Amino acid sequence: IAAYDNGFNHVTHFYNATSTFHKKNGIVYSGVVEAAYISDDVTVELIGDGCHIPKESMLLARKIKGADKICLITDAMRAAGTDHTTSILGARDTGVPVVVKDDVAQLTDLSSYAGSIATMDRCLRTAHVRYGIPLEEVSRMLSLTPARLMGVDNRLGSLEVGKDADVVIMNCDFQVEAVFTKGAYGKTGLTGMDMVRLALERSKTAKDALQLLIPKEYPYERSSAGAVKIREVVTVPLRNRQFAKTVSVSYIWGFICAVN
């Protein structure tokens with residue numbers, strides 16, 4: 001509590017490697033977890049790989065803190081996004097050897113986790129699909145809340161006019177279909193709503209569900225500094241409303257629901 005009273009206001013990977021209710025020399029103490037919950041202004045990070053934090057613990061944090069005080073993170077180490085079964089945690093020459101087992105990095109004797117191998121889309125699927133947290137809240141925890149805490153929410157974290165045109169298109173299974181960085185599609189440099197349409201059409205139910213009313217005018221504009229900014233936010237009507245509920249658009253920093 002004294003640390004919070006002196007300006008400490010954020011907890012890295014909450015629950016993991018943080019103290020909680022315990023006994024020392026016959027005396028019972030609370031820990032970092034309880035102190036963070038008591039202090040309303042303290043924000044926390046939750047590892048969203050589905051291994052480090054069980055469902056009930058994440059739901060408790062959501063109930064007490066809310067989406068505006070929680071950042072969902074990967075806490076990933078270098079094996080993330082690879083099919084490696086062994087890796088090194090920390091510096092390559094002096095780090096700790098780890099094995100990847102059960103979708104998480106672990107010490108070689110399997111006595112402890114040694115980091116996550118998750119990517120941000122997996123964090124979304126964990127919190128929303130597996131743990132049942134509403135998509136709008138998960139989106140905020142993955143995007144706008146971290147952007148605000150880092151002081152970059154004036155240009156990142158949500159689909160708003162004037163913000164950077166960094167967008168991720170996902171299909172109905174919340175798998176990444178396409179990535180736009182400052183309006184450009186991947187490394188190709190292609191831009192335009194045609195790429196958005198293509199990404200959506202590749203979704204499973206797109207064949208008979210997607211009847212898109214996409215404006216021909218490209219809804220981005222290039223700033224004097226060369227970065228592409230969002231000029232307007234367009235809602236895409238879909239005749240199949242069930243499919244519409246499953247389509248999401250996200251920022252590189254995280255995800256926000258773009259179709260009602």
Side-chain angles (χ1 to χ4, degrees), residues 3-4 7-18 32-33 35-37 39-53 55 57-78 80-81 104 115-170 174-176 179-183 227-230 233 248-258:
Y4 301 136
F8 184 81
N9 60 11
H10 186 75
V11 181
T12 303
H13 49 59
F14 192 61
Y15 288 132
N16 300 112
T18 55
V32 171
V33 170
Y37 277 145
S39 305
D40 293 336
D41 293 335
V42 172
T43 53
V44 300
E45 299 173 4
L46 299 178
I47 301 175
D49 65 346
C51 299
H52 280 79
I53 299 177
K55 176 180 179 179
S57 297
M58 185 174 288
L59 293 181
L60 176 62
R62 174 216 172 200
K63 185 173 184 178
I64 295 176
K65 285 295 183 181
D68 289 331
K69 299 291 179 65
I70 295 174
C71 301
L72 276 180
I73 63 168
T74 65
D75 196 47
M77 46 87 69
R78 62 166 50 90
V104 66
S116 161
I117 61 167
T119 49
M120 292 297 277
D121 55 324
R122 176 175 161 185
C123 293
L124 181 146
R125 292 190 295 272
T126 295
H128 177 56
V129 179
R130 291 181 55 189
Y131 291 1
I133 300 175
L135 181 59
E136 294 81 0
E137 293 185 36
V138 175
S139 300
R140 185 173 291 271
M141 291 188 283
L142 281 164
S143 58
L144 189 56
T145 298
R148 189 188 78 246
L149 295 181
M150 290 186 288
V152 294
D153 56 317
N154 63 319
R155 60 185 183 86
L156 297 171
S158 59
L159 292 176
E160 297 182 66
V161 174
K163 290 192 174 184
D164 289 359
D166 296 342
V167 181
V168 175
I169 307 297
M170 307 190 80
F174 300 105
Q175 300 287 343
V176 175
V179 177
F180 291 80
T181 304
K182 294 183 178 179
V228 175
K229 305 291 183 179
I230 296 175
V233 177
S248 66
V249 179
S250 76
Y251 266 85
I252 299 299
W253 291 95
F255 304 82
I256 71 170
C257 186

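Computed from a prediction, not measured in an experiment: that's the story for all the values here.
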Taking [X] for the side chain and [Y] for the main chain, is one N or O donor matched with an acceptor at less than 3.5 Å?
| X | Y | answer |
| --- | --- | --- |
| R125 | F174 | yes |
| S139 | L135 | yes |
| Y15 | S57 | yes |
| T43 | K69 | no |
| D153 | L156 | no |
| K63 | M58 | no |
| R148 | D68 | yes |
| N16 | I47 | no |
| T145 | A67 | yes |

Nearest heavy-atom pair of G157 and A147: which atoms, and what distance?
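Heavy atoms of G157 and A147 come nearest at CA-CB, 4.0 Å.
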Which heavy atom of A118 sits nearest to which heavy atom of A80, and what is that distance?
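Shortest heavy-atom contact: O-CB, 4.0 Å.
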Do we see a donor-acceptor contact under 3.5 Å between the side chains of [X] and [Y]?
| X | Y | value |
| --- | --- | --- |
| T119 | D121 | yes |
| E137 | H128 | no |
| S158 | K163 | yes |

[atom1]/[X] to [atom2]/[Y] distance, rounded to the nearest 0.5 angstrom?
| X | Y | atom1 | atom2 | answer |
| --- | --- | --- | --- | --- |
| M141 | I73 | CE | CD1 | 12.5 Å |
| L144 | L149 | CG | CG | 9.5 Å |
| T12 | H10 | OG1 | NE2 | 5.0 Å |
| D40 | I64 | CG | CD1 | 10.5 Å |
| C123 | D49 | SG | CG | 7.0 Å |

How about [X] and [Y]: do any of their side-chain heavy atoms sit closer than 4.5 Å?
| X | Y | value |
| --- | --- | --- |
| M120 | T74 | yes |
| R62 | I133 | yes |
| M77 | S116 | no |
| L46 | C71 | no |
| D41 | N9 | no |

Going through the checks in order, is the side-chain contact (heavy atoms from CB on, under 4.5 Å) test met by V104 and I117?
CA-CA 6 Å; V104 66; I117 61 167; 5.6 Å; no
Apply side-chain contact (heavy atoms from CB on, under 4.5 Å) to residues E45 and V11 and explain how you reach the verdict.
CA-CA 6 Å; E45 299 173 4; V11 181; over 6 Å; no
Intermediate values then yes/no, side-chain contact (heavy atoms from CB on, under 4.5 Å), L60 and Y37:
CA-CA 10 Å; L60 176 62; Y37 277 145; 3.9 Å; yes
